[in-house]
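If you're wondering where the values come from, they're calculated on a predicted model, not measured in any experiment. Just so you know, these numbers use all the heavy atoms, side chains as well, and skip hydrogens, waters and symmetry mates.
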Amino acid sequence: MPAETIIPERIVAEARGWLGVPWRHQGRSRSGIDCVGLVVCVAHALHLSDYDSTGYSRRAQGQGFVEHFRSNMDGVAITEARPGDVLVFADQAYPCHCGFLTERLGHPHLLHAHATRRQVIEEPYAGEWPEKIKFAFRFRQSGS
């Protein structure tokens with residue numbers, strides 16, 4: 001399907017198809033996936049990008065993590081993020097986690113591969129998450 005026909009609801013639906021998949025560092029399949037792998041696999045499934053990178057560690061190191069998003073997606077103001085956009089979070093100083101902004105019952109949620117919970121989950125975008133957000137990105141559409 002051409003990228004210009006992809007709407008945010010399609011991105012969210014594809015991401016939700018990964019709910020319950022086990023977490024695995026640098027995973028890229030339904031047998032195991034991490035937060036970056038989830039974004040990569042959703043992008044591949046919807047033909048939004050063929051980019052991938054597994055050259056990252058589990059510990060945040062500088063701004064390298066976010067540079068992959070900057071080079072392959074369009075940055076958007078955090079306040080302008082909408083369902084289907086990718087949110088990037090930092091623990092302490094450096095970006096180290098990402099997930100999809102979604103919505104359930106009129107409330108923002110975060111769909112992500114959660115290392116501690118050992119699987120892909122969708123939870124309210126509340127608690128620690130709003131405090132840790134550093135960037136928001138949107139998939140590039142054809143012609144942009």
Do Val12 and Phe137 land in one hydrophobic cluster if side-chain heavy atoms of ILVMFWY residues count as linked below 4.5 Å?
no

When rounded to the nearest 0.5 angstrom, what is the spacing between CD1 in Ile121 and CG in Leu19?
9.0 Å

Taking the side chain as everything from C-beta on, heavy atoms only, tell me whether Leu111 gets closer than 4.5 Å to Trp18.
no

Asp85 side-chain N/O to Arg138 backbone N/O, donor-acceptor pair under 3.5 Å
no

Can you tell me how far the CZ atom of Arg10 sits from the CG atom of Leu46, to the nearest 0.5 Å?
5.5 Å

Minimal non-hydrogen separation, Leu38 against Ala15, with atom names
CD1-O, 4.4 Å

Distance, nearest 0.5 Å, that separates CD1 of Ile78 from CG of Leu87
8.0 Å

Quick one: does Phe139's side chain get under 4.5 Å of Met73's, heavy atoms only?
yes

Go through the structure and list residues passing salt bridge (Lys or Arg N to Asp or Glu O under 4.0 Å) with Glu14, not counting sequence neighbours.
none

Co-membership, hydrophobic cluster, residues Phe69 and Leu110, 4.5 Å side-chain:
no

Closest non-hydrogen atom pair between Arg16 and Glu103, with its separation
NH2-O, 3.0 Å

For residues Ala136 and Ala77, report the shortest heavy-atom separation together with the two atoms involved.
CB-O, 4.4 Å

Closest contact, heavy atoms only, Cys98 versus Cys35
O-CB, 3.3 Å

Taking C-beta and beyond as the side chain, do Val39 and Phe100 meet within less than 4.5 Å on heavy atoms?
yes

Verify, without hydrogens or angle tests, whether Arg24 (side chain) and Ile33 (backbone) share a donor-acceptor contact under 3.5 angstrom.
no

NE2/His107 to CG/Leu105 distance, rounded to the nearest 0.5 angstrom?
7.0 Å

Pairs under 3.5 angstrom only: tabulate donor-acceptor contacts from the side chains of residues 123-130 to other protein residues two or more places apart or in another chain.
unit_1: Glu123; atom_1: OE1; unit_2: Arg117; atom_2: NH1; d: 3.2
unit_1: Glu123; atom_1: OE1; unit_2: Arg117; atom_2: NH2; d: 3.4
unit_1: Glu123; atom_1: OE2; unit_2: His112; atom_2: NE2; d: 2.8
unit_1: Glu123; atom_1: OE2; unit_2: Trp129; atom_2: NE1; d: 2.9
unit_1: Glu128; atom_1: OE1; unit_2: Lys132; atom_2: NZ; d: 2.7

Between Arg28 and Asp34, the two heavy atoms sitting closest are NH1-OD1, 3.2 Å

Looking at every heavy atom in both Gly99 and Phe89, which two are closest together, and how far apart are they?
N-CE1, 4.4 Å

Could you tell me whether the side chain of His109 reaches within less than 4.5 Å of the side chain of Leu101, counting heavy atoms only?
no

As an exercise, state the distance from NE2 of His97 to NZ of Lys134, rounded to the nearest 0.5 Å.
14.5 Å

